[in-house]
Novice: 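Can you keep this structure in mind? I'll have questions shortly.
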Amino acid sequence: MKNSYSIIKIHTVFNFQEVFLEFALYYASLNRKQYLIFMKFEESKMLRFSMIAKIATASLMTVFVGMSANAADRISDFSLTDSQGRFFQLSRHGDEQAIVLFSYDPQSRDARRAASDLADVAEQFEGQKVEFLMINSTGSADKLAMREAAEKEDITLRILMDDTQLVAEELGLSRAAEVVILDPAAKEVVYRGALNDRFSEGSRARRAKEHYVADALTAFIAGEGIAAEQVASKGDAIDFSASAAVVASVSYANDVAPILKERCVSCHMEGGIAPFAMSSHQMVQGWSPMIRETLYTKRMPPGQIDNEFVESFHGVNHITIEETQKLVSWINAGSPNNDDSDPLAEYRPEVVKWANGTPDMIIPIPAQRIPATGVQDYRNLMLPLDLEDDIWVKAVAFAPGDTTVLHHIIAFSYGADGMNEFEILNQGIGLGAYAPGNSLNTYPDGAGYPLEAGGGLMLQMHYTTSGKEAVDASEIGIYLWDEEPDRPIRGGSAADLEISIEPFEADHEMIATKTFRKDALLTMIGPHMHYRGSDANFKLVYPDGKVEEILNVPNYQFNWQKTYDFKEPKFLPAGTEMVFRATFDNSANNPFNPDPSSTISWGEQTWQEMFFGFFRYVDAESSEGE
């Protein structure tokens with residue numbers, strides 16, 4: 001492989017020390033196709049830098065100048081969803097000796113034919129720590145079409161959907177039937193080229209005599225140098241014209257800033273919950289390496305769901321394919337501002353305590369003192385509401401006090417006769433719940449949650465320690481109907497408390513079901529697991545046997561638990577079964593795993609596990625399904 005270097009451009013930033021650390025951590029993931037970052041220090045600006053900044057600059061340049069030849073083939077960590085909706089992240093496969101990625105285009109005859117030869121190679125290395133995958137980098141996001149094409153060709157390997165084409169560019173893929181071999185631990189490309197001489201450029205061979213990928217794998221696993229010839233694939237060229245058109249002439253003011261305002265600034269503002277504010281071009285430029293990493297690994301926006309379900313729900317965190325392409329292209333070009341304005345510097349959003357307007361009732365939660373360290377048991381607080389009459393709740397919002405320690409709040413209700421555990425169990429998540437990224441709970445039009453006179457709220461409060469003492473003084477805002485609505489809101493869950501996950505088990509699947517005995521309108525769903533939860537989805541099995549997937553969360557994140565309110569409630573005829581499926585990863589590759597050597601069972605603490613598929617619904621008339 002040819003090694004190439006690029007030029008480093010480091011722009012002046014607001015907090016140079018922080019950004020230097022980001023760049024120093026980031027440089028190793030740069031690939032041969034990216035622009036490196038180089039700084040022109042203007043003399044007037046140099047005077048403002050401290051001696052630390054000057055030393056940091058010199059250190060940074062030394063790092064880049066000292067890059068080895070192998071660094072030209074270093075790649076960034078990346079994440080993709082496969083055609084089945086399951087998540088793949090390179091860094092979570094560090095225990096594999098090699099990852100083999102085959103560029104697959106169902107419209108390419110060479111790719112279809114080569115798939116059979118690839119299956120033979122995969123069989124040859126069966127039982128070894130080598131994972132074989134396909135990657136579709138045509139820009140298609142149609143998972144169903146990809147599944148159908150794979151079934152037609154009898155392909156059983158996972159097919160990753162590179163809908164932005166960014167991973168293909170990162171890996172240097174340019175043709176169908178091309179293969180790359182990755183060292184997942186080092187994040188390096190160790191081979192790039194044809195599968196064998198049958199599919200090499202210019203070949204007319206009917207059978208392979210030279211097995212490039214198999215030979216390269218054998219050598220690499222043995223710790224030897226790869227002597228296999230790395231020749232180009234004869235597959236059709238990948239068409240990058242659509243993505244190239246999207247990123248042509250990307251402007252900071254006209255393209256980048258509007259995307260950030262729409263997708264990011266609601267958290268990344270002064271006083272927001274994010275760790276830094278996107279308050280100017282300089283700030284964004286300084287954090288651009290981290291922004292790029294979060295886009296490649298799909299860490300941000302947080303709590304992402306499968307694209308095909310985004311339009312089904314209110315308030316989904318989302319970024320489009322085109323927006324991702326524009327941001328990454330701009331960052332790769334050095335994050336410049338060649339415009340005459342800085343829209344982010346001119347934009348001054350304020351943290352809104354009550355995003356849905358001032359509530360009809362604001363209920364202060366008694367201040368909770370949280371120690372610096374130690375395990376915190378769940379706190380169940382009883383809050384009498386002193387209601388003289390029954391009231392009907394339209395929506396519930398939470399204003400968190402200290403987000404560094406508050407993990408979640410679930411608000412249940414009780415009546416004049418006090419607590420009833422059976423009723424609590426059937427409330428699902430009660431009036432509503434708070435977790436990071438989920439503060440407003442709404443009900444559908446014409447539906448409400450009843451609070452009885454003489455009753456109150458039972459709050460389940462969960463805290464985690466942060467290393468210093470804290471006091472949390474959260475509030476609940478309740479929005480009321482002026483008169484009794486047509487229907488009461490109901491709740492429940494598909495759950496299983498019999499959890500048993502073996503030490504180091506990486507793919508533990510669980511399924512729970514719930515059958516609706518009467519016609520219903522489903523209004524909300526949401527998965528709940530702890531740190532080992534890795535993905536989740538909901539399906540409906542209708543009485544006529546039809547199966548419909550209604551939500552897929554490919555990369556479940558415990559720190560960003562959300563519930564999903566349907567824009568249009570789904571009609572469920574009596575007898576419909578909800579199937580909630582989830583996967584748990586108790587391996588060392590799970591970066592959030594507290595202890596992979598533990599056997600995991602059900603429990604309230606975060607190092608234990610839960611398995612709940614929460615839902616809300618209202619009773620329906622059969623005519624509503626017509």
Side-chain angles (χ1 to χ4, degrees), residues 312-315 356-357 359-361 363 385 387-398 410-417 420 422-433 438-458 476-495 513-526 538 540-543 548 550-551 562-578 580 612-626:
S312 298
F313 304 99
H314 292 289
N356 209 38
D360 297 297
M361 295 176 60
I363 304 169
L385 294 181
L387 299 175
E388 297 181 359
D389 299 300
D390 295 349
I391 59 175
W392 287 87
V393 179
K394 179 164 55 176
V396 179
F398 296 83
I410 301 179
F412 301 99
S413 66
Y414 63 88
D417 295 332
N420 182 312
F422 178 78
E423 289 183 1
I424 292 292
L425 289 173
N426 282 294
Q427 287 184 25
I429 59 170
L431 282 81
N438 195 81
S439 58
L440 177 64
N441 297 249
T442 60
Y443 309 144
D445 291 340
Y449 191 102
L451 292 178
E452 296 180 18
L457 301 180
M458 192 279 279
I476 302 175
I478 294 181
Y479 302 86
L480 300 175
W481 287 105
D482 293 330
E483 56 186 37
E484 182 176 336
D486 298 331
R487 291 181 276 207
I489 196 79
R490 305 186 188 281
S493 65
T513 63
K514 184 75 171 183
T515 300
F516 291 80
R517 304 299 180 187
K518 299 179 180 179
D519 292 346
L521 287 172
L522 185 65
T523 67
M524 181 278 288
I525 51 178
F538 288 80
L540 297 174
V541 182
Y542 293 99
E548 180 187 11
I550 56 174
L551 175 66
K562 290 184 66 68
T563 55
Y564 301 90
D565 294 293
F566 285 98
K567 292 179 179 178
E568 295 292 334
K570 296 193 73 66
F571 177 76
L572 309 183
T576 299
E577 181 182 57
M578 175 182 287
F580 172 55
F612 286 100
F614 289 117
F615 58 86
R616 282 200 194 103
Y617 68 100
V618 294
D619 294 334
E621 301 293 335
S622 58
S623 60
E624 293 181 278
E626 297 176 355

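The figures here come from the full heavy-atom set of this structure, side chains too, leaving out hydrogens, waters and symmetry mates. For this chain, numbers begin at 1 and follow the sequence in order.
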Novice: With side chains defined as the heavy atoms from C-beta onward, is the minimum distance between Pro569 and Thr523 less than 4.5 Å?
Specialist: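 Result yes, sub-4.5 Å side-chain heavy-atom pair found.
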
Novice: Closest approach of Arg487 and Glu621, non-hydrogen atoms and distance?
Specialist: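 For Arg487 and Glu621, the tightest heavy-atom pair comes out as NH1-N, 4.5 Å.
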
Novice: Please examine the side chains of Asn441 and Arg616, heavy atoms only from C-beta on, and report whether any two atoms are closer than 4.5 Å.
Specialist: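 SC-SC contact between Arg616 and Asn441 confirmed.
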
Novice: Return the minimal non-hydrogen interatomic distance between Pro543 and Gly575, and the atom names on each side.
Specialist: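 Looking at all heavy atoms of both residues, the closest pair is CG-C, 4.0 Å.
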
Novice: Is there side-chain contact between Asp519 and Pro573, with heavy atoms separated by less than 4.5 Å?
Specialist: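 Yes, their side chains come closer than 4.5 Å.
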
Novice: Over all heavy atoms of both residues, which pair between Pro450 and Ser413 is shortest? Give the atoms and the distance, please.
Specialist: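 Answer, listing the atom of Pro450 first, then Ser413: O-OG, 4.5 Å.
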
Novice: Might you work through the side chain to side chain contact (heavy atoms under 4.5 Å, CB included) test for Leu540 and Glu577, ending with a clear yes or no?
Specialist: CA-CA 6 Å; Leu540 297 174; Glu577 181 182 57; over 6 Å; no

Novice: Taking all non-hydrogen atoms of both residues, which atom of Ala411 and which atom of Phe398 are closest, and how far apart?
Specialist: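 It is CB-CZ, 4.2 Å.
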
Novice: Counting neighbours of NZ on Lys518 that are heavy atoms of other residues, nucleotides or ligands and sit closer than 6.0 Å, is the number greater than 12?
Specialist: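 Check fails, neighbour count at 12 or below.
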
Novice: Using side chain to side chain contact (heavy atoms under 4.5 Å, CB included), reason through Phe313 and Asp565 one step at a time and then give a plain yes or no.
Specialist: CA-CA 5 Å; Phe313 304 99; Asp565 294 293; 5.8 Å; no

Novice: If you round to the nearest 0.5 Å, how far is CG of Asp445 from CG of Asp486?
Specialist: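 Asp486 CG to Asp445 CG: 10.0 Å, rounded to 0.5 Å.
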
Novice: List the residues meeting salt bridge (Lys or Arg N to Asp or Glu O under 4.0 Å) with Lys394, not counting sequence neighbours, and say none if there are none.
Specialist: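 Partners of Lys394 under the salt bridge (Lys or Arg N to Asp or Glu O under 4.0 Å) test: none.
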
Novice: Do the non-hydrogen side-chain atoms of Asp390 and Leu451 ever get within less than 4.5 Å of each other?
Specialist: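 Asp390 does not reach Leu451 side chain to side chain.
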
Novice: Might you work through the salt bridge (charged side-chain N to carboxylate O under 4.0 Å, His left out) test for Asp619 and Arg490, ending with a clear yes or no?
Specialist: CA-CA 8 Å; Asp619 294 334; Arg490 305 186 188 281; 3.0 Å; yes

Novice: Does any part of the side chain of Ile525, heavy atoms only, come nearer than 4.5 Å to the side chain of Phe580, both counted from C-beta?
Specialist: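 A side-chain contact under 4.5 Å is absent here.
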
Novice: Answer yes or no: is there a donor N or O on one side and an acceptor on the other, between the side chain of Trp481 and the main chain of Ala447, under 3.5 Å?
Specialist: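 Checked: pair present.
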
Novice: Side-chain contact, heavy-atom cut-off 4.5 Å: Tyr443 with Leu431?
Specialist: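 With C-beta onward as the side chain, the pair touches.
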
Novice: Could you tell me whether the side chain of Glu452 reaches within less than 4.5 Å of the side chain of Leu387, counting heavy atoms only?
Specialist: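 They are not in contact (no side-chain heavy atoms under 4.5 Å apart), so the answer is no.
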
Novice: To check you understand the geometry: which heavy-atom pair defines the closest contact between Phe516 and Met578, and what is its length?
Specialist: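 Taking every non-hydrogen atom into account, CE1-CB, 4.1 Å.
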
Novice: Give, for atom NE2 of His314 and atom OH of Tyr564, the distance between the pair rounded to the nearest 0.5 Å.
Specialist: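 So the gap between those two atoms works out to 14.5 Å.
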
Novice: Who passes salt bridge (Lys or Arg N to Asp or Glu O under 4.0 Å) against Glu484, sequence neighbours left out?
Specialist: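 By the salt bridge (Lys or Arg N to Asp or Glu O under 4.0 Å) rule, Glu484 matches no residue at all.
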
Novice: So which atom in Tyr479 and which in Val396 form the shortest heavy-atom distance, rounded to 0.1 Å?
Specialist: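 That closest heavy-atom pairing would be CD1-N, 4.4 Å.
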
Novice: Evaluate the ring planes of Phe615 and Tyr617, with Trp represented by its six-membered ring, and classify them as parallel (under 30°), tilted (30 to 60°) or perpendicular (over 60°).
Specialist: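 Aromatic pair Phe615/Tyr617 classed tilted.
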
Novice: Between Ile550 and Leu522, is any pair of side-chain heavy atoms under 4.5 Å apart?
Specialist: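 A side-chain contact exists here, since the closest heavy-atom pair is under 4.5 Å.
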
Novice: Give the intermediate values and the outcome of side chain to side chain contact (heavy atoms under 4.5 Å, CB included) for residues Glu548 and Tyr542.
Specialist: CA-CA 8 Å; Glu548 180 187 11; Tyr542 293 99; 2.6 Å; yes

